[in-house]
Amino acid sequence: MEQVDGSLQMEHALLFTFLEVSSDCNFREQLYSLHSPQVIWCRANDDDELQTDGNRSGHFQNGELGVPPTNEEVIRLIAARLAEIGDQLDKEIQGRVVNDLVDHFRNENLSNEEIIRHISRVLGELIRAIPSDMEQERAKLVLAMHLAKKIMNTVPSLVQRVFNTTVNYMNQQFHDYIADMLGE
């Protein structure tokens, strides 16, 4: 299994599993390439220093990740349920929304931060159409992951960029919520 920065471990595992269990994932080969042992996932911080062994400083204590490993079965169950909710919400997502996000991801001049701001705006608009009985934070998380899947289905060559940006977005917006869901 690849090494994941401890602060992104839950989000990475949840998004990967969400996509893996989704019914209409047309980019499985590209998805599994993200899960290869050669890929090292790190969120670069100005405060992080790359060590000679390839690790970022401050993320390991006594040789282990600072965040305890997540329970894969719990993640699989939660991801499957969230994928079902995403399929139910799919009718709220119009093609133009996906195409607009695809254009943003294709634009190499845009930083990940600019794309994340755009994703936040899009989710803010989409959340208005969601039934009020659904928890808003859960709805936004599901919509973010489902939009990522739709973008990757539309342009599989964007899988890595969309995946990494979505993991970072999930970490920024939903880290505590995900930790609570996973019981961490």
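All values reported here derive from a predicted model rather than from experimental measurement.
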(message) Heavy-atom count check: over 12 atoms from other residues, nucleotides or ligands less than 6.0 Å from Q136 CD?
(response)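 Yes, CD of Q136 has more than 12 neighbouring heavy atoms, counting only those of other groups under 6.0 Å.
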(request) Using a cut-off of 6.0 Å, state whether more than 12 heavy atoms not belonging to K140 lie near its atom NZ. (result)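 Atom NZ in K140 is not crowded, with 12 or fewer foreign heavy atoms closer than 6.0 Å.
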(request) Indicate, with yes or no, if V21 and I85 share a hydrophobic cluster defined by side-chain heavy-atom contacts under 4.5 Å among Ile, Leu, Val, Met, Phe, Trp and Tyr. (result) no
(message) Please say yes or no: joined through hydrophobic side-chain contacts below 4.5 Å, possibly via intermediate residues, are F16 and V74 part of one cluster?
(response)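 F16 and V74: one cluster.
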(message) R121: which residues meet the side-chain contact (heavy atoms from CB on, under 4.5 Å) condition with it, sequence neighbours left out?
(response) R117, H118
(message) Going by the rule side-chain contact (heavy atoms from CB on, under 4.5 Å), which residues pair with L110 if we only count those two or more places apart in sequence or in a different chain?
(response)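 Scan of L110 (side-chain contact (heavy atoms from CB on, under 4.5 Å), adjacent residues dropped) gives H104, N107, E114, I115.
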Atom of [X], atom of [Y] and distance for their closest heavy-atom approach:
X	Y	value
V167	H12	CG2-CA, 3.9 Å
T166	A144	CG2-O, 4.2 Å
S22	R28	O-NH2, 2.8 Å
F174	Y169	CE1-CE2, 3.6 Å

(request) Would you please test V155 and F105 for side chain to side chain contact (heavy atoms under 4.5 Å, CB included) and show each step? (result) CA-CA 10 Å; V155 186; F105 275 101; over 6 Å; no
(message) With side chain to side chain contact (heavy atoms under 4.5 Å, CB included) as the criterion, how do L143 and V122 come out once you've worked through the C-alpha distance, each side chain's angles and the decisive distance to 0.1 Å?
(response) CA-CA 10 Å; L143 283 169; V122 168; over 6 Å; no
(message) Taking the basic N atoms (NZ, or NE/NH1/NH2) and the acidic carboxylate oxygens, is any pair closer than 4.0 Å for K149 and D90?
(response)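 Salt bridge: no.
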(message) Taking the basic N atoms (NZ, or NE/NH1/NH2) and the acidic carboxylate oxygens, is any pair closer than 4.0 Å for R81 and E84?
(response)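 A salt bridge is present here (some side-chain N lies under 4.0 Å from a carboxylate O).
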How many angstroms lie between [atom1] in [X] and [atom2] in [Y], if you round to the nearest 0.5 Å?
X	Y	atom1	atom2	answer
I78	R76	CD1	CZ	12.5 Å
E92	I127	CD	CD1	10.0 Å
Y32	E20	OH	CD	4.0 Å
Q9	I75	CD	CD1	7.5 Å
L14	L82	CG	CG	6.0 Å
C25	L31	SG	CG	5.5 Å

[Y] side chain reached by [X] side chain, heavy atoms, under 4.5 Å:
X	Y	answer
E135	Y177	yes
M10	N171	no
N112	R161	yes

(request) Report the C-alpha separation of M181 and L141 in whole Å, then their side-chain angles, then the decisive distance to 0.1 Å, and conclude whether the side chain to side chain contact (heavy atoms under 4.5 Å, CB included) test is met. (result) CA-CA 12 Å; M181 259 193 327; L141 173 62; 3.7 Å; yes
(message) Using side chain to side chain contact (heavy atoms under 4.5 Å, CB included), reason through L126 and L89 one step at a time and then give a plain yes or no.
(response) CA-CA 10 Å; L126 288 174; L89 297 178; over 6 Å; no
(request) State whether the side chain of N153 and the backbone N or O of N26 hold a donor-acceptor pair below 3.5 Å, judged by distance alone. (result) yes
